[in-house]
Amino acid sequence: MPELPEVETTLRGITPFIEGRELIGWTIRNSALRWPVEIPVLLKNQPVVRLRRRGKYILLEFHSGALLIHLGMSGSFRCVPRGAMVLTHDHVEFDFGGGILLRLNDPRRFGSVLWQPGEADTHRLLAHLGPEPLGNEFSASYLKVRAHHRKVAIKPFLMDSSVVVGVGNIYANEALFLAGIRPARIVGRVPLHKFEDLIHAVRRVLSEAITQGGTTLRDFVSPEGRPGYFQQRLKVYDRKGEPCTVCGEAVEGVVLGGRGTFYCPVCQPVRGFGRLTW
DNA sequence: ATGCGGACCTGTTAGC
DNA sequence: TGCTAACAGGTCCGCA
């Protein structure tokens with residue numbers, strides 16, 4: 001669930017329950033997330049100064065420092081009335097007053113809640129993150145520089161958070177399809193104009209998903225969360241053997257860099273490059 | 001420096 | 001139907 005668009009919509013959804021409020025209490029039911037949960041005692045009754053996203057991290061900034069929250073592979077937030085039934089995997093709970101509790105549910109426990117005194121971005125997990133995909137820094141010329149002489153395939157390159165944040169497996173697949181680039185292409189040999197296409201594709205796919213994520217978030221935040229959303233928009237992800245929406249050729253499915261990888265063998269040719277498919 | 005594979009977990013699905 | 005294995009939206013870390 002937590003691709004960048006969902007993290008963004010999660011952030012928007014929990015903001016009304018947090019912004020301008022004080023953290024009056026919290027409960028840690030299971031501290032064993034990716035790293036032990038860190039919520040310092042000094043945060044009690046401290047106001048949240050700012051709420052923002054960096055990559056897939058949600059940052060709750062206080063005067064004294066910031067809580068870094070990552071949803072990992074299976075994390076989600078729910079806003080529930082005080083006294084609501086605790087669900088399996090509700091590991092951490094925040095009380096910002098107003099009779100509402102924010103519960104972090106994470107079955108696989110790959111998520112994290114970490115404390116960074118002072119400036120959030122100085123945390124070791126944030127310090128080396130690449131630019132935001134929807135910001136100006138993320139450009140074709142930037143990618144060209146970063147790709148220089150590198151022999152890695154373009155898909156894992158695109159998913160490398162030190163190159164650009166927030167492009168998970170689904171969107172890496174989708175963006176490469178839209179850009180007409182085979183996922184296994186050696187990134188060092190991709191020409192500037194194809195990086196232009198890729199930039200546009202990444203931006204488009206992420207912003208479209210954010211638009212739809214809003215719908216997801218409402219379910220997400222309401223007491224009765226409901227799954228199911230933009231699967232119908234996916235052009236290649238998890239569509240192995242199904243016809244390409246552009247040319248009808250069967251979508252290929254392979255493993256690349258240990259991750260499920262999907263592409264159209266015609267629209268994303270081995271030699272040369274395909275055209276933008278929108 | 002770069003690239004690769006393993007690791008961390010549980011829940012769901014595919015296959016026998 | 002039931003059991004088991006494979007796989008999953010992330011990403012860090014250690015090793016070659």
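Below, chain A is the first sequence line, B the second, and so on; all start at residue 1.
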Measure from the ring centre of A:Phe110 to the centre of the six-membered ring in the base of C:dT11, then say whether that distance is under 5.5 Å and the planes meet at under 30°. no
To the nearest Å, how far apart are A:Leu158 CG and C:dG10 C1'? 15 Å
Side-chain N or O of A:His70 less than 4.0 angstrom from OP1 or OP2 on C:dG10? no
How close or far is atom C1' of C:dG10 from atom CG of A:Leu71, stated in whole angstroms? 11 Å
Report yes or no: do A:Arg146 and A:Tyr142 form a side-chain donor-acceptor pair below 3.5 Å? yes
I need the full list of ring-ring contact (aromatic ring centres under 6.0 Å, His included) pairs touching residues 173-199 of chain A, with sequence neighbours left out, sorted by first then second residue. none
Please state how far atom NZ in A:Lys155 lies from atom P in C:dG9, giving the value in whole angstrom units. 8 Å
A:Glu38 side chain to A:Trp115 main-chain N or O, any donor-acceptor pair under 3.5 Å? yes
Could you please name the option among C:dC12, C:dG9, B:dT10 that lies closest to any side-chain atom of A:Tyr237? C:dG9
Pairwise C1' distance, B:dG11 and C:dC12 [rounded to whole Å]: 23 Å
Between C:dC7 and B:dG5, how far is it from one P atom to the other, in whole Å? 15 Å
Less than 4.0 angstrom between a side-chain N/O of A:Arg259 and OP1 or OP2 of C:dG9, yes or no? yes
A:His148 atom NE2 is separated from B:dT2 atom P, nearest whole Å, by 11 Å
A:Leu234 and A:Ile170: which non-hydrogen atoms are nearest, and at how many Å? CD2-CG2, 3.7 Å
Using both distances under 3.5 Å as the test, list the Watson-Crick or G-U wobble partner of B:dC4, or none. C:dG14
Does A:Gly258 reach a base, just sugar-phosphate, or nothing at all? Heavy atoms under 4.0 Å. nothing
Separation of atom CZ in A:Phe157 from atom C1' in C:dT11, rounded to whole Å: 17 Å
In whole Å, what separates the P atom of C:dG9 from that of B:dA14? 14 Å
Any idea which of C:dC13, B:dC4, C:dG9 is nearest the A:Val152 side chain? B:dC4
With respect to A:Glu8, which candidate in A:Leu206, A:Ile58, A:Ile210 satisfies the side-chain contact (heavy atoms from CB on, under 4.5 Å) definition? A:Ile210
Measure from the side chain of A:Arg150, starting at C-beta and using heavy atoms only, and say which of C:dA8, B:dG3, C:dT11 lies closest. B:dG3
Using heavy-atom distances to pick each residue's nearest nucleotide on DNA chain B, tell me which of A:Pro156 and A:Arg109 is more 5'. A:Pro156
How many whole angstroms separate atom CG of A:Leu33 from atom P of B:dT10? 12 Å
Under 4.0 Å, counting only non-hydrogen atoms across every strand here, what does A:Tyr57 touch: a base, just sugar-phosphate, or nothing? sugar-phosphate
Would you verify whether the NZ or CZ of A:Arg185 falls within 45 degrees of the ring axis of A:Phe273 while also being under 6.0 Å from that six-membered ring's centre? yes
Expressed in angstrom and rounded to an integer, what is the separation of A:Tyr171 atom OH from C:dG9 atom C1'? 9 Å
hbond_proxy A:Arg108 side chain to B:dC9 base (donor-acceptor, 3.5 Å cutoff): yes
Nearest of C:dC12, C:dG10, B:dG11 to any side-chain atom of A:Met73? C:dG10
Report the distance from atom CD of A:Glu3 to atom C1' of C:dA8, rounded to the nearest whole Å. 12 Å
Report the base-pairing partner of B:dC9 (Watson-Crick or G-U wobble, both distances below 3.5 angstrom), or none. none
Ignoring the backbone of A:Lys151, work out which of B:dG3, C:dT11, B:dG11 is nearest its side chain. B:dG3
